[in-house]
Amino acid sequence: FSEKCKADCAPCAMSSLDEIQSLINSAKDELAESRKLKEQVEHETVQALHRQQMRRQLDVIREAIHANSCSIASSRAYRERIDSDSDGTFMPGKPRPAQDSMSCAGRPAGEVTTYSKVVDRHEYVWKIEGMSWLVAALKKRAQSVAAAEQPFLVGDTSFECVYHPRSGEIGDENQRGSLAIIHNESGGITFRHQFWIKRSDGEFVQWGATAEESHPLSDTLGRAFGPDVHEGNGTPAKLVGIFGLTHEHLLRSEWVSGDALTVKIRVEVLPPEDGFFTKTVKTSRVDVPPSSLCQHFRSLFDSGRGADVTFLVKGEAICAHSQILLARSDVFASELLGGMQESISKEIVVEDCEGEIFKAMLRFLYTDDFDHIQELVEHVCRSNQTSTQAGDSRSANLAKVSAEIQLLHQLLQISHRYQVVRLQLWCEQRLCNRMTVSEVSGVLCQAHLFDAKQLQRACLAFIKENLEAVAITPGFLKLTTDWPEVMLKVTLFNAGLSDSAACPVVEAQRESLRGLKRKRFQ
């Protein structure tokens with residue numbers, strides 16, 4: 001004990017039982033008062049944060065008011081100049097533009113009137129982490145609705161994202177719903193909105209239809225808009241909740257991954273008419289086609305015209321053009337210009353890759369386009385899904401994911417071998433989005449072999465978050481016997497060591513394993 005504690009305890013040692021009990025009761029009262037004061041301060045802190053958030057919303061609204069005031073002043077000045085005939089399209093004495101009867105190449109001229117050129121567009125992503133704690137956290141703060149920390153702007157229009165886990169009151173005018181955006185501007189609005197929810201496999205799926213809202217003459221300040229927003233009176237005409245799920249069902253669904261819900265909202269706002277609502281432009285009808293370079297180079301590869309190098313991939317002959325390969329890959333440049341046999345015979349044997357995978361990599365070198373690779377992935381996934389027993393949707397989905405991961409492994413290997421960096425990073429990204437408990441250990445080994453650092457870190461993070469489920473899989477058990485270096489990385493990452501701190505440990509183990517191998521050979 002410290003000297004102060006000894007001093008505080010000294011009277012107790014000399015006191016009677018009643019006196020000690022009195023001290024205990026007094027201490028309990030003091031503790032209860034302290035706890036009450038703590039709760040009061042925490043509540044005041046929450047209120048202070050809420051006031052701070054509202055002040056930021058007020059700042060955004062005031063900025064929008066200022067911008068509207070400037071626009072109104074500019075439009076008013078323009079109107080006054082028109083009224084005084086000092087500006088405008090039909091000023092006195094101003095010659096009317098000549099009307100050409102024919103445009104270039106003898107084709108008739110035309111006009112384009114656009115009503116969408118001034119439309120403001122924005123895509124906003126909101127991620128709610130700790131979904132399983134959301135209801136308890138809101139209850140502690142005496143709130144019922146979760147809101148994004150900052151509003152988002154679409155042009156000059158401010159919106160706020162909100163989520164009500166009980167699909168209760170949201171917005172104003174007795175509205176109810178779960179996920180919505182709230183209009184933070186006074187006056188009317190005309191806009192469209194789409195809501196997209198991220199699935200556990202990384203894909204965004206649209207929830208509800210694209211909605212068009214037109215309220216030019218109403219004051220929509222504080223009004224909520226969303227796929228399940230409805231008036232509070234009576235039975236709603238649509239399913240309430242994200243995809244019709246309650247908050248509890250949502251937590252156990254594929255829409256909440258890692259205890260987080262990710263929402264993407266696309267908003268298009270048509271500003272009020274201010275004299276610049278439409279624009280009419282003269283145009284001659286000369287159609288410029290889109291670039292066809294990608295299609296031409298792919299056709300060149302598929303046809304084999306002018307090819308001067310042949311790859312023998314497990315017995316299949318694949319023709320290509322050395323000049324394109326030289327420009328796209330340093331490894332191919334070394335093989336074709338380095339004085340090796342391949343540079344003379346122009347024939348390269350490839351034994352460790354399937355023909356379709358190698359052709360997909362070559363097509364990417366020709367086009368720098370992922371579309372044909374995506375087509376190959378989807379074709380393989382469909383083939384494996386079809387071979388799965390009908391009616392077993394879970395097995396079919398697992399087979400589809402497993403087939404895609406195996407294909408991506410092969411693409412990762414071949415792109416690493418020939419140093420096709422963009423394709424390798426694309427494979428890493430897709431594998432990060434296709435992580436599963438059963439496959440993550442194998443993906444981690446591939447990332448370790450091909451020095452795919454971003455993919456490796458994603459695998460380690462996934463294993464740490466799902467360690468209990470991953471630890472009993474055959475792939476993870478195999479790490480302990482066949483992949484000691486990878487297993488060490490898992491251990492160090494779970495222990496919280498940084499990359500810089502873990503690197504010397506991994507290198508020391510690597511040297512130790514090399515020493516054991518040398519002793520065996522001796």
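Side chains included, hydrogens not; waters and symmetry mates left out as well; all remaining heavy atoms used.
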pair [X]-[Y]: side-chain heavy atoms closer than 4.5 Å:
X: Val125; Y: Val263; value: no
X: Val267; Y: Thr157; value: no
X: Thr473; Y: Val470; value: yes
X: Leu179; Y: Trp207; value: yes
X: Met361; Y: Leu423; value: yes
X: Val240; Y: His230; value: yes
X: Trp255; Y: Val205; value: yes
X: Asp368; Y: Arg422; value: yes

message = Before you tell me yes or no, could you show the steps for Glu160 and Phe152 under side-chain contact (heavy atoms from CB on, under 4.5 Å), namely the whole-Å CA-CA distance, both residues' side-chain angles and the distance that decides it to 0.1 Å?
response = CA-CA 6 Å; Glu160 178 185 12; Phe152 67 92; over 6 Å; no
Is it the case that more than 12 heavy atoms not belonging to [X] sit under 6.0 Å from its [atom1] atom?
X: Lys464; atom1: NZ; answer: yes
X: Leu31; atom1: CG; answer: yes
X: Arg141; atom1: CZ; answer: no
X: Glu44; atom1: CD; answer: yes
X: Arg192; atom1: CZ; answer: no
X: Gln454; atom1: CD; answer: no

request  = List the steps and the verdict of side chain to side chain donor-acceptor pair (under 3.5 Å) for Gln194 and Trp196.
outcome  = CA-CA 7 Å; Gln194 296 176 345; Trp196 298 73; 3.1 Å; yes
Under 3.5 Å, is there a donor on one side chain and an acceptor on the other for [X] and [Y]?
X: Glu213; Y: Thr190; value: no
X: His249; Y: Thr246; value: yes
X: Asn433; Y: Gln429; value: no
X: Gln40; Y: Arg35; value: no

Are the side chain of [X] and the backbone N or O of [Y] linked by a donor-acceptor pair below 3.5 Å?
X: Asp228; Y: Gly241; answer: yes
X: His193; Y: Thr210; answer: no
X: Glu268; Y: Phe191; answer: no
X: Ser26; Y: Ser22; answer: no
X: Thr220; Y: Arg223; answer: no
X: Gln206; Y: Gly208; answer: yes
X: Arg434; Y: Asp201; answer: yes
X: Thr491; Y: Met487; answer: yes
X: Ser253; Y: Leu250; answer: yes
X: His372; Y: Phe364; answer: yes

Cation-pi check, Lys264 onto Tyr124 ring (under 6.0 Å, within 45° of axis) = no
query = Can you list the steps and then say if Cys161 with Ile265 is a side-chain contact (heavy atoms from CB on, under 4.5 Å)?
reply = CA-CA 9 Å; Cys161 287; Ile265 304 169; 3.4 Å; yes
key: CA sep, side-chain torsions, deciding dist, call: Asp219, Ser186, side chain to side chain donor-acceptor pair (under 3.5 Å)   = CA-CA 6 Å; Asp219 189 356; Ser186 59; 5.3 Å; no
request  = Dump the intermediate steps for salt bridge (charged side-chain N to carboxylate O under 4.0 Å, His left out) on Glu404 and Arg430, then the final yes or no.
outcome  = CA-CA 9 Å; Glu404 183 175 358; Arg430 291 300 294 256; 2.8 Å; yes
ask   = With a 4.0 Å cut-off, would you call Glu248 and Arg166 a salt bridge?
value =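 Result for this pair is yes, salt bridge flagged.
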ask   = With a 6.0 Å cut-off on ring centres, are Phe195 and Phe225 close enough?
value =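 Centroid separation for Phe195 and Phe225: 6.0 Å or greater.
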request  = Apply side-chain contact (heavy atoms from CB on, under 4.5 Å) to Gln374 and Asp371, showing your working.
outcome  = CA-CA 5 Å; Gln374 183 62 42; Asp371 285 349; 5.6 Å; no
request  = Give me the ring orientation class for Tyr163 and His247: parallel if the planes are under 30° apart, tilted from 30 to 60°, perpendicular past 60°.
outcome  =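 Ring orientation, 0 to 90° scale: tilted.
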query = Does the pair Gln410 and Gln406 meet the rule for a side chain to side chain donor-acceptor pair (under 3.5 Å), with working shown?
reply = CA-CA 7 Å; Gln410 298 178 64; Gln406 294 305 317; 6.0 Å; no
From CA spacing to verdict: side-chain contact (heavy atoms from CB on, under 4.5 Å), His122, Arg266 = CA-CA 6 Å; His122 186 69; Arg266 294 173 180 165; over 6 Å; no
